[in-house]
Amino acid sequence: AQSVTQLDSQVSVSEGVPVLLRCNYSSPISPNLFWYVQYPNQGLQLLLKYTSGTTLVKGINGFKAEFKKSETSFHLTKASVHVSDAAEYFCAVSDTVPETAGELNTNLLRC
């Protein structure tokens, strides 16, 4: 079985500063990892995903995440956040096909 743990349930930052949303995973095989975002009154939107290959993944709106197998981590970062980034961010893992996330967890980002 696979799982994800997001270590910060709520992160508050000022506009223009860097942000880090932490995600650690557990998976018996090489996982597929995802970050989703849900803006207020909207549905889930895929931010970025890692399936294999390059470990540094660039997503939409300036976000990126790095797959670190040795640390079992897939932390989401952005160099400079904006008020429009305030949302819930979900980390997910799947050990099967990328379309079927095995477990979803959440961070709330307030700007």
Side-chain angles (χ1 to χ4, degrees):
Q2 68 276 354
S3 64
V4 288
T5 303
Q6 289 181 243
L7 303 173
D8 314 291
S9 60
Q10 182 173 312
V11 176
S12 297
V13 295
S14 299
E15 188 169 20
V17 302
V19 68
L20 168 70
L21 299 178
R22 297 180 294 170
C23 177
N24 288 89
Y25 69 90
S26 174
S27 178
I29 63 170
S30 185
N32 299 302
L33 293 158
F34 311 84
W35 275 99
Y36 293 89
V37 60
Q38 186 170 26
Y39 297 104
N41 304 311
Q42 295 185 26
L44 278 179
Q45 180 180 355
L46 180 64
L47 198 57
L48 51 80
K49 65 181 178 180
Y50 169 81
T51 53
S52 64
T54 304
T55 57
L56 183 62
V57 182
K58 294 181 180 179
I60 61 173
N61 299 331
F63 283 95
K64 61 184 179 180
E66 187 170 10
F67 170 63
K68 293 187 178 179
K69 186 175 182 179
S70 62
E71 299 176 11
T72 62
S73 68
F74 192 58
H75 302 330
L76 184 70
T77 61
K78 185 173 182 178
S80 178
V81 296
H82 304 286
V83 171
S84 59
D85 294 319
E88 285 192 86
Y89 291 81
F90 299 85
C91 182
V93 62
S94 173
D95 58 11
T96 56
V97 296
E99 289 77 16
T100 57
E103 182 176 301
L104 199 63
N105 215 322
T106 181
N107 279 117
L108 179 63
L109 176 63
R110 294 177 185 259
C111 299

Exactly one of Asn24, Thr72, Val93 should register a side chain to side chain contact (heavy atoms under 4.5 Å, CB included) with Val4. Which one does?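 Of the listed residues Asn24, Thr72, Val93, the side chain to side chain contact (heavy atoms under 4.5 Å, CB included) partner of Val4 is Val93.
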For Leu20, which of Val11, Thr77, Leu76 qualifies under side chain to side chain contact (heavy atoms under 4.5 Å, CB included)?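 Checked Val11, Thr77, Leu76 against Leu20; only one passes side chain to side chain contact (heavy atoms under 4.5 Å, CB included): Thr77.
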Closest approach of [X] and [Y], non-hydrogen atoms and distance?
X     : Y     : answer
Val81 : Val13 : CG2-CG2, 3.5 Å
Ala86 : Tyr39 : O-CD2, 4.0 Å
Trp35 : Leu21 : CZ2-O, 3.6 Å
Ser80 : Asp85 : O-OD2, 4.4 Å
Gln10 : Ser12 : NE2-OG, 3.9 Å

Can the ring centres of Phe74 and Phe34 be said to be less than 6.0 Å apart?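 Aromatic pair excluded; centres sit 6.0 Å or further apart.
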Flag, side chain of [X] to backbone of [Y], donor-acceptor distance under 3.5 Å:
X     : Y     : result
Lys78 : Asn61 : yes
Gln6  : Cys91 : yes
Ser73 : His75 : no

Within one Ile-Leu-Val-Met-Phe-Trp-Tyr cluster: Leu33 and Ile60, side-chain cutoff 4.5 Å: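 Linked within one cluster.
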Is there side-chain contact between Tyr36 and Leu47, with heavy atoms separated by less than 4.5 Å?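 Tyr36 does not reach Leu47 side chain to side chain.
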To the nearest 0.5 Å, tell me how far Leu44 CG sits from Glu88 CD.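 Leu44 atom CG to Glu88 atom CD measures 9.0 Å (nearest 0.5 Å).
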When rounded to the nearest 0.5 angstrom, what distance separates CD in Glu71 from CD in Glu66?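 Glu71 atom CD to Glu66 atom CD measures 8.5 Å (nearest 0.5 Å).
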Please evaluate residues Val57 and Lys49 with respect to the criterion side-chain contact (heavy atoms from CB on, under 4.5 Å), reporting the C-alpha separation (whole Å), side-chain torsions for both, the decisive distance (0.1 Å), and the verdict. CA-CA 7 Å; Val57 182; Lys49 65 181 178 180; 6.0 Å; no
Excluding sequence neighbours, so at least two apart, what forms ring-ring contact (aromatic ring centres under 6.0 Å, His included) with Phe67?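 Phe67 satisfies ring-ring contact (aromatic ring centres under 6.0 Å, His included) with Tyr25, Tyr50 once adjacent residues are dropped.
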